[in-house]
Engineer: 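My questions will all concern the structure given below.
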Amino acid sequence: MYQTFIGLEVHIHLLTKTKVFCGCRSAFGDEPNTNICPVCMGYPGVMPALNIEAMRMGCLVARALNCRIPEKTWFERKQYFYPDMPKNYQISQFASPLGQEGSVEIEWGGVKKRVRIRECHLEEDAGKMIHTGTVSLLDYNRAGMSLLEIVTEPDMESGEEAELFVQQLRRAVRYLGVCDGNMEEGSLRADANISLNLAGKGLGKKVEIKNLNSSRFIKLGLNYEIKRQAALLDAGKTIVQETRLWNENRDETAPMRTKENAQDYRYFPEPDLPVFTPDEAFLKSVDAGLVELPLPRARRVMGDYGLNVEQAFLVCEEKALADYYENAVDAACKLGLEKKDAALRIANRLLSDVKHILSRDKIDTANIGSIKLTPRRLAELTVFVAGGKISNKNAKQALEAVFAEDKDPAALIKERGWEQINDPSVISEAVKQVWAAETETVASARAALEAGNQKKLKSLTAYLVGKALAATGGRASPEIAGQQVEELLRAES
Ligand code: ADP
Ligand code: ZN
Ligand code: MG
């Protein structure tokens, strides 16, 4: 009966080599306070200088979210005091952020929805506080790192939708190569705003859940708030406008601070940075970074290759994986396979055997472009399986061998004698051997055939075929061996 409004503020760390207003290295995990200089430490009299790469990456995300890039964009000082921010103000954007009034469609298997983007703005991150016992330590390596904040309108209505939005945004920024999307390290983190109200009455009193560092917590935290706020409204109480934190050990949100009135940050234009006017050359350099995004790509892959929704979205999860897939299908077509056949065979192999090897060997899917099993090699192997040159079982072994030995499948198949046996007379020899050795099973199979016990017949037949294949070192064509076993059973009964 209540209407739910959810708006997200997502912070992403841009993958610039240096910080946003100084030349310090921008990296995680370095020795504390080694990537600092007078500018990011806020010494008096220092001058910030805009890192154009940060502006370019920010505008690229803005474009991907269908935002308008204004004619002029500039920076403001946001004043507040906190020990992790030595300047006592943060350089951010307020009146004319680099991206404005965009919107994206979210969909990943089912839910479909349009979410308006209010703005994207570029700012500097603060340092990191480490609380140990009675002291707090400060690491300023993070101070001044390029941060892009993406603010949505309150268009989402459930924890699931918000989770989907963040997952999709994460995939998109990884595709664009501007953020690694690592939520555990804090490269992507979100504040979730939520209110409930009687339907038709507009927005309710907003509660903000701060610093959510996993998309699952976003879902859980918001769904918890929906229940909590609905219960309060049911009881005739009012919601306190406040900031809450998600407690992952207790699966609940808890109050952090009340925020009755908007904090006055006394924004004023940063006097030490000129207004930025994106010119044609700059906008061109931004657009040069645009790539086909995960959602449209998954839709295209479904249409072009005939994959089902699930396969298409799995293949498009990572740009490197999708590129690999399309290259492999392309190569298989060049080797003579029909496109839809190649597409399906390669998707199956990629999403099962290859992914299994990657996760077992701890190879990041993002690095699939540099594995020894190149798209061309996977295509070659797929063509061999399709053409009956190698059995499926041996193809799996061949796959492992390509990884281990960095050789082409054709060479390996030859070297190991994995070539499938399709000669009926050779296979028939193996089947005869089985017949001689497995007299009891043969008799039971025959009895099952006569009694019309299909289930038993099927399992006994499979057993006999398996034995025949084993007798050829797994090389005999399973189809031909199967036919021969069946024929023999029928002939003799
Ligand atoms: P603040 O001034 O507290 O930062 P903003 O108006 O800037 O709030 O909005 C911050 C985020 O909160 C945005 O994502 C916006 O969509 C969302 N939001 C604002 N008001 C509400 C509300 N009443 N209910 C749910 N979300 C809201
Ligand atoms: Zn610096
Ligand atoms: Mg705000």
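Side-chain atoms are counted along with the backbone in the values below, which use heavy atoms only and exclude waters and symmetry mates. Just follow the structure's listing: the first ligand is 1, and inside any ligand the first atom is 1. Here the structure is a predicted model, which is why all the values come from computation and not from measurement.
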Engineer: Is any NZ, NE, NH1 or NH2 atom of the basic residue among Asp84 and Lys128 found under 4.0 Å from an Asp or Glu carboxylate oxygen of the other?
Structural biologist: no

Engineer: Are any of the N/O atoms on Gly204, whether in the backbone or the side chain, positioned under 3.5 angstrom from an N/O atom of ligand 1?
Structural biologist: yes

Engineer: Looking at non-hydrogen atoms alone, which of Thr152, Ile6, Ile239, Val10 comes nearest to atom 15 (C) of ligand 1?
Structural biologist: Thr152

Engineer: Is the closest N or O pair between Ile194 and ligand 1 shorter than 3.5 Å?
Structural biologist: no

Engineer: Check the angle between the aromatic planes of Phe94 and Tyr267 and answer parallel, tilted or perpendicular using the 30° and 60° thresholds.
Structural biologist: parallel

Engineer: Geometry only, no angles: is Lys205 polar-contacting ligand 1 at N/O separations under 3.5 Å?
Structural biologist: no

Engineer: Give a rough value, rounded to 10 degrees, for the angle at the Zn ion (ligand 2) between atoms SG of Cys40 and SG of Cys37.
Structural biologist: 110°

Engineer: Using 4.0 Å as the upper bound for N to carboxylate O, is an ion pair formed by Glu292 and Arg300?
Structural biologist: yes

Engineer: With a sphere of 6.0 Å drawn around CZ of Arg266, does it hold more than 12 non-hydrogen atoms of other residues, nucleotides or ligands?
Structural biologist: no

Engineer: Distance under 4.0 Å to a non-hydrogen atom of Gly7: what atoms of ligand 1 satisfy this?
Structural biologist: 14 (O), 16 (O), 26 (N)

Engineer: If you round to 10 degrees, what value do you get for the angle at the Zn ion (ligand 2) between Cys24 atom SG and Cys22 atom SG?
Structural biologist: 110°

Engineer: Using non-hydrogen atoms of the residue, decide whether Glu208 is closer than 4.0 angstrom to ligand 1.
Structural biologist: no

Engineer: Just to be sure I'm reading this right: ignoring hydrogens, which of Asp155, Leu8, Asn193 gets closest to atom 17 (C) of ligand 1? Compare them by their nearest heavy atoms.
Structural biologist: Asn193

Engineer: If you round to the nearest 0.5 Å, how far is CD1 of Ile368 from CG of Leu350?
Structural biologist: 5.0 Å

Engineer: Between Arg174 and Glu318, is there a side-chain N and carboxylate O pair less than 4.0 Å apart?
Structural biologist: yes

Engineer: Between Phe75 and Phe21, is the gap from one ring center to the other below 6.0 Å?
Structural biologist: yes

